[in-house]
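Following: one structure in structure tokens, then a few remarks.
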Amino acid sequence: MLAVASRTTPVVEVGARLRAAVEKVVRDVSRPGAVDDLIAGLAWTAACGQTCQLTGPVAGVRQAIAALRAGDAPAAESALRSVLAAMR
């Protein structure tokens with residue numbers, strides 16, 4: 001007879017990876033790799049199936065990415081601070 005291993009599904013806090021990425025980037029929005037960190041946060045959010053639960057914060061992160069790509073660090077920082085406020 002085969003023994004069946006007990007499997008547990010890890011509980012993932014909604015938005016944990018996105019919040020971590022935003023917190024990391026907001027400390028220094030001008031640093032190299034900031035856009036990549038935000039994209040990774042969005043990817044984790046999508047992979048966890050949480051994008052639809054975080055439509056406002058996701059939009060804010062996308063706005064920050066666009067601002068960073070345009071060279072507007074103050075606008076990106078403002079967008080990220082709004083994201084953090086919305087996720088508290």
Side-chain angles (χ1 to χ4, degrees):
M1 179 191 286
L2 294 174
V4 178
S6 173
R7 295 180 191 217
T8 60
T9 303
V11 175
V12 179
E13 178 186 344
V14 175
R17 296 282 185 141
L18 187 61
R19 186 179 313 104
V22 171
E23 287 172 346
K24 179 178 180 181
V25 172
V26 80
R27 289 191 292 262
D28 184 6
V29 296
S30 299
R31 70 172 178 72
V35 169
D36 293 336
D37 287 337
L38 294 173
I39 290 171
L42 288 174
W44 273 102
T45 301
C48 293
Q50 299 173 350
T51 302
C52 61
Q53 297 170 314
L54 299 165
T55 56
V58 165
V61 170
R62 289 178 179 155
Q63 180 183 358
I65 290 169
L68 287 172
R69 287 181 171 160
D72 191 352
E77 183 177 353
S78 176
L80 294 175
R81 292 196 183 281
S82 294
V83 167
L84 287 176
M87 294 182 78
R88 300 225 187 270

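Quick note: residue numbers are just sequence positions, from 1. Computed from a prediction, not measured in an experiment: that's the story for all the values here.
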Is the shortest heavy-atom distance from the side chain of Leu38 to the side chain of Leu68 under 4.5 Å?
-> yes

Following the transitive rule for hydrophobic clusters with a side-chain heavy-atom cut-off under 4.5 Å over Ile, Leu, Val, Met, Phe, Trp and Tyr, establish whether Trp44 and Ile65 coincide in one cluster.
-> no

Rounding to 0.5 Å, atoms CD (Gln63) and CG (Leu80) come to a distance of 9.0 Å

Ala79 to Gly60 - nearest heavy-atom pair and separation = CB-O, 3.8 Å

Contact summary for Ala75 and Ala67, nearest pair of heavy atoms = CB-CB, 4.0 Å

Applying the 4.5 Å side-chain criterion to the ILVMFWY set and letting contacts propagate, would Leu84 and Ile39 be lumped into a single cluster?
-> yes

Work out which heavy atom in Met87 is nearest to a heavy atom in Pro57; give both atom names and the distance.
-> CG-CG, 3.7 Å

Heavy-atom closest pair, residues Val14 and Gln50 | CA-NE2, 3.6 Å

Do Val26 and Val58 share a hydrophobic cluster (ILVMFWY, side-chain heavy atoms under 4.5 Å, transitive)?
-> yes

Leu54 pairs by side chain to side chain contact (heavy atoms under 4.5 Å, CB included) with which of Val61, Thr45, Val83?
-> Thr45

Can you check salt bridge (charged side-chain N to carboxylate O under 4.0 Å, His left out) on Glu23 and Arg27, steps first, answer last?
-> CA-CA 7 Å; Glu23 287 172 346; Arg27 289 191 292 262; 5.7 Å; no

